[in-house]
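Whatever order the structure lists them in is the order used to number ligands and atoms, beginning at 1. Fair warning: this is a prediction, and the values are worked out from it, not measured in the lab. In this chain, numbering begins with 1 at the start of the sequence shown.
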Amino acid sequence: MKLLRDKVMAEGIVLGDNVLKVDSFLNHQMDPVLMREVGGEFARRFAEEGVTKVLTIESSGIAPAIMTSLELGVPMIFARKHKSLTLRDDILVEKVYSFTKQETNEITVSKKFLHPEDRVLIIDDFLANGEAAFGLARIVEQVGASVVGIGIVIEKSFQPGASRLQEAGYRVDSLVRIASLENGAVSFVEEL
Ligand code: G4P
């Protein structure tokens, strides 16, 4: 997606050899016009999948996910990383380990909002090792619903998440794919 590539080139800041800081449009300040385009692009890519719910994880997944769900005309659910005061019983829980942060979070979704007949599109802002996406997929599968695909805003293709998810049988569709962040420079995977 050219618009997003241009934004990454203009505003992304490389930290070390493997972290891309994009807090001016995705991770802190958010660009609503860009997010609307992102939502439209995911909706086009997954238009034939009969999506009934969009699922993400708080917090930075929420903006691209809500724009996608708006375009598809279906509800969006975000998994919580912290226990909600009001979310007590009847919850689906999965453990998600973050290699970046070296900590395990329990992510939760209320059973009320996912049903066996649901066809779920998972959306997230970044894909690194894939742990968050696998955790979300396990939540969907706990209730017997289907994961129709995983839409990612920025994939770091030099980390194993995308190939692990594809090997597990999931369709992964990323709007930009980064081949390397070495020496402070962003290089993209060549698109065919
Ligand atoms: P994984 O789910 O693919 O295994 O990723 P990992 O645990 O390594 O990443 C943990 C957090 O760091 C996630 O956000 C993920 O989106 C984010 N992240 C990973 N690589 C990058 C990167 O290069 N740049 C940026 N900006 N973020 C990255 P989170 O902690 O859940 O944050 P938030 O959604 O609450 O903002």
Side-chain angles (χ1 to χ4, degrees), residues 1 4-5 7-32 34-35 38-39 42 54-69 76-84 93-109 120-141 147 149-189:
M1 185 181 176
L4 194 59
R5 272 190 181 214
K7 194 78 169 173
V8 168
M9 287 313 282
E11 297 183 23
I13 298 165
V14 178
L15 302 178
D17 274 346
N18 59 19
V19 173
L20 178 69
K21 186 173 161 98
V22 286
D23 64 351
S24 68
F25 62 92
L26 185 58
N27 288 144
H28 193 19
Q29 175 171 266
M30 291 184 178
D31 180 334
L34 181 66
M35 288 304 117
V38 161
F42 281 133
V54 173
L55 176 65
T56 189
I57 183 165
E58 64 177 346
S59 51
S60 302
I62 293 177
I66 191 76
M67 291 303 187
T68 306
S69 68
M76 185 277 279
I77 307 161
F78 66 89
R80 294 181 180 272
K81 284 188 212 152
H82 304 286
K83 294 240 157 49
S84 154
V93 184
E94 283 293 337
K95 286 192 167 38
V96 171
Y97 178 71
S98 167
F99 288 98
T100 309
K101 297 185 175 168
Q102 302 210 331
E103 62 183 28
T104 300
N105 281 305
E106 279 199 337
I107 64 168
T108 54
V109 170
V120 180
L121 171 59
I122 293 172
I123 297 287
D124 210 356
D125 56 332
F126 265 92
L127 178 58
N129 295 292
E131 293 295 323
F134 271 115
L136 291 170
R138 289 195 300 271
I139 288 223
V140 172
E141 287 155 5
V147 175
I150 299 171
I152 298 293
V153 181
I154 301 177
E155 173 189 310
K156 294 193 294 182
S157 310
F158 57 90
Q159 291 188 276
S163 44
R164 288 179 61 210
L165 288 163
Q166 280 156 352
E167 277 160 24
Y170 298 107
R171 170 182 168 192
V172 179
D173 224 311
S174 303
L175 302 187
V176 301
R177 299 170 67 215
I178 294 180
S180 159
L181 295 172
E182 277 171 28
N183 306 316
V186 180
S187 57
F188 296 99
V189 175

Can you tell if the side chain of E58 reaches within under 4.5 Å of the side chain of H82, non-hydrogen atoms only?
yes

Report yes if some N/O of F126 lies less than 3.5 Å from some N/O of ligand 1; otherwise report no.
no

Tell me, with the steps shown, if S24 and E11 meet side-chain hydrogen bond (donor to acceptor under 3.5 Å, both in side chains).
CA-CA 7 Å; S24 68; E11 297 183 23; 2.4 Å; yes

Donor-acceptor pairs under 3.5 angstrom involving side-chain atoms of residues 61-68: please list them, not counting sequence neighbours.
unit_1	atom_1	unit_2	atom_2	d
T68	OG1	P64	O	2.7

To the nearest 0.1 Å, how far is atom 5 (O) of ligand 1 from its closest protein heavy atom, and which atom is that?
A128 CB, 3.6 Å

Tell me which protein heavy atom sits closest to atom 9 (O) of ligand 1, plus the residue, atom name and distance to 0.1 Å.
T100 OG1, 3.4 Å

Looking only at distances, can you tell me whether any N or O atom of L20, backbone or side chain, sits closer than 3.5 Å to an N or O atom of ligand 1?
yes

re atom 4 (O) of ligand 1, the protein heavy-atom contact at minimum distance is E131 N, 3.0 Å

Does G130 reach ligand 1 with a nitrogen or oxygen that is under 3.5 Å from one of the ligand's nitrogen or oxygen atoms?
yes

Verify, without hydrogens or angle tests, whether K81 (side chain) and E106 (backbone) share a donor-acceptor contact under 3.5 angstrom.
no

Protein heavy atoms near atom 14 (O) of ligand 1, is at least one of them under 4.0 angstrom away?
no

Considering non-hydrogen atoms of the protein only, which is the closest contact for atom 30 (O) of ligand 1, and what is the distance?
K101 NZ, 2.5 Å

Note, L136 side chain near I57 side chain (heavy atom, < 4.5 Å)
yes

Minimum heavy-atom distance V172-A162, with the two atoms named
CG2-O, 4.2 Å

Nearest non-hydrogen contact with atom 26 (N) of ligand 1 belongs to which option: N27, V96, V153?
N27

Distance under 4.0 Å to a non-hydrogen atom of F99: what atoms of ligand 1 satisfy this?
7 (O)

Atom indices of ligand 1 within 4.0 angstrom of V19 heavy atoms, with elements
22 (C), 23 (O), 24 (N)

Below 4.0 Å from any atom of ligand 1, is there a heavy atom belonging to N18?
yes

Nearest protein heavy atom with distance in Å, relative to atom 2 (O) of ligand 1:
A132 N, 2.9 Å

Side-chain heavy-atom pair L121, I150 within 4.5 angstrom cut-off
no

Which pairs count as side chain to side chain donor-acceptor pair (under 3.5 Å) when at least one residue sits in residues 156-165, sequence neighbours excluded?
E131-R164, E155-S157, K156-Q159

Which residue holds the protein heavy atom closest to atom 7 (O) of ligand 1, what is that atom called, and what is the gap in Å?
S98 OG, 3.0 Å

Identify the two heavy atoms, one from P160 and one from N129, that lie closest to each other, and give their separation to 0.1 Å.
CD-OD1, 3.3 Å

Nearest heavy atom to atom 32 (O) of ligand 1: which of K81, E58, E155 does it belong to?
K81

Under the side chain to side chain contact (heavy atoms under 4.5 Å, CB included) test against F126, which residue among I152, V153, I178, N27 passes?
N27

Cation-pi check, R5 to F188: give yes when NZ or CZ is under 6.0 Å from the six-membered ring centre and within 45° of the ring axis, no otherwise.
yes

Any idea which atoms of ligand 1 are less than 4.0 Å away from a heavy-atom of S60?
33 (P), 34 (O), 36 (O)

I want to check something: taking the side chain as every heavy atom from C-beta on, are L55 and V140 in contact at a cut-off of under 4.5 Å?
yes

Using a 4.0 Å heavy-atom cut-off, which part of Q159 comes near ligand 1: side chain, backbone, both, or neither?
neither

Looking only at distances, please establish whether an N/O atom of ligand 1 is found under 3.5 Å from an N/O atom of L127.
no

For K21, is at least one N or O under 3.5 Å away from an N or O on ligand 1?
no

Starting from atom 21 (C) of ligand 1, locate the nearest protein heavy atom and write down its residue, its atom name and how far away it is, to 0.1 Å.
K156 NZ, 3.4 Å

